[in-house]
Structure formats: C-alpha cells, structure tokens
Amino acid sequence: QVQLVQSGSELKKPGASVKVSCKASGYRFTTYGINWVRQAPGQGLEWMGWINTNTGNPAYAQGFTGRFVFSLDTSVSTAFLQITSLKTEDTAVYYCAILHGTYNDYLGQGTLVTVSA
Amino acid sequence: QSVLTQPPSLSGAPGQRVTIFCTGSSSNIGAGHDVHWFQQLPGAAPKLLINRYINRPSGVPDRFSGSKSGTSASLVITGLQAEDEAVYHCQSYDNRLSGVIFGGGTKLTVL
C-alpha cells in the first residue's frame, strides 16, 4: 500500500539550510503529486504547496516562496523539501503528503525541524 | 486564520455522539470542492478518516460518518470511545487561493 517515509529530525541554527527527504513506495511514483504540509508547535496543518511528479514543476502557497524549494529524484521515488536561511519560526513538523482526494490520501510520519541558536 | 473554520475544541463522554463542523465559503466547499477529514492521534501524523464527505477508507469504524450542507461539512462520531481522543482536521480546495486548504483542527477530549 501507499507509504511515504521521511528523513529524521533535524536541529539547525538560524541562517542554516535543511533538506528533508520523502521516499514513496507501494505505488507508481508519478501517479500522484507530492504535497508539503507544515504543522507548527500546537498549531493546525498549513499547506505549503506541491510538486508535479510527472513534470517536476513545483507550485508554492502564499508565504512559502523564496526560501522553500521542492525537488524530486524520480529514479529513487523521492521528493525533497529544502528550506534556506532558516528562522526560529520555521520550527515545525513538516509532512510530505498525497492529497489527491482518493482513499490513497496519506501523510508521511513527519520530520521535526528545530531552529535554535 | 484558517480558510475553513472549525471549533478549536469539543468534549464528550464515552458513548455519546459528537459533531464537528467545518465551515467554508463560496470559493471552496460552496464551489463544489470535496471535503476530507483527517484524524491525528497524539504524537502521530494525521491519517485519512473520511474521503469526499462521506466515504470511510477500509478499517475506519462506522461510528464515524460525514455529511455536507451548503458551505459546511460535518463529521459525526457516535458511541464515543476513549481512543477517539484526537485532533480532527477538515481539508478541501480553494479556488481563490488555487490550493489545498485545512481547517484549524478540533481537539476532541473524551471525558
């Protein structure tokens, strides 16, 4: 069945960069786009955007342009989220997700990114 | 401020029925976009609970049901159990934002 497995927790200093990976299995990778969702501590879910796994074209939600980059390595069915110039307010759990409106809709286990001096 | 509005919290005793509302607008639910519900157990990732307003994926108990009315959707849990204590998120799509939207989440406490 569909599964998305993400890389482990990260602790970074302000100004650094981080790259989170999301490896898909259980389906053909190009069937669904990969979405990215942020959940700040004690907060709800916030959609960051998505990347088309057929074309590699990303689309970013308002508030997630500039420092956020979505990318793919289709040879290993993996999507990536890179955040540059990290700020303390970027501290959150980041989820990759299939949000296609089907029974296969699924979120990865989440990656905690902590930004602290 | 989330585009979809949910009550921040709700509580109920075991065996009771609770309803969680998700209110949208003419650019999302009112425009015909489906609503999906996710359940987030403590310390876990959100998991699909209800698909397209009313459909339960395999393994989801029939105590959970969903419906739509106008620009709102609702999640009903009957026969409340201790393991239902979780945060429930509604999700849809918005034409004005051209993207996925979530409600703010409702924390359900089983008394």
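Letters go in sequence order (proteins before strands), and every chain restarts at 1.
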Decide yes or no for L108(B) and I77(B): does some side-chain heavy atom of the first lie under 4.5 Å from some side-chain heavy atom of the second? yes

Using a strict threshold of under 4.0 Å (side-chain N to carboxylate O), is an ion pair present between D90(A) and K12(A)? no

Answer with side chain, backbone, both or neither: which region of Y95(A) has an atom nearer than 4.5 Å to a non-hydrogen atom of chain B? side chain

Sequence neighbours left out, what passes ring-ring contact (aromatic ring centres under 6.0 Å, His included) with F29(A)? Give chain and number order. none

Engaged part of S98(B) at the chain A interface, taking heavy atoms whose separation is under 4.5 Å: backbone

Once you round to the nearest 0.5 Å, how far does CG of L75(B) lie from CZ of F64(B)? 7.0 Å

Interchain contact, Q91(B) with chain A, by part (heavy-atom threshold 4.5 Å): side chain

Highest number of heavy-atom pairs under 4.5 Å with chain A: which of G105(B), P46(B), G103(B)? P46(B)

Linked, directly or transitively: V35(B) and I98(A) (ILVMFWY side chains, under 4.5 Å): no

Any side-chain to backbone donor/acceptor pair from T106(B) onto P7(B)? Under 3.5 Å, distance only. yes

Which bit of Y93(B) comes within less than 4.5 Å of chain A, counting heavy atoms only: side chain, backbone, both or neither? neither

Counting heavy-atom pairs under 4.5 Å with chain A, the top scorer among K47(B), Q6(B), H89(B) is H89(B)

Counting a contact as any heavy-atom pair under 4.5 Å apart, which residues of residues 45-67 of chain A contact chain B? L45(A), E46(A), W47(A), Q62(A)

Are any side-chain N or O atoms of R17(B) and backbone N or O atoms of V76(B), one a donor and one an acceptor, separated by less than 3.5 Å? no

Distance-only, no hydrogens or angles: does the E85(B) side chain make a donor-acceptor pair with backbone N or O of V110(B) under 3.5 Å? yes

Determine whether the side chains of D94(B) and S27(B) contain a donor N or O and an acceptor N or O closer than 3.5 Å. yes

Which one wins on heavy-atom pair count under 4.5 Å against chain B: N104(A), V93(A), L107(A)? L107(A)

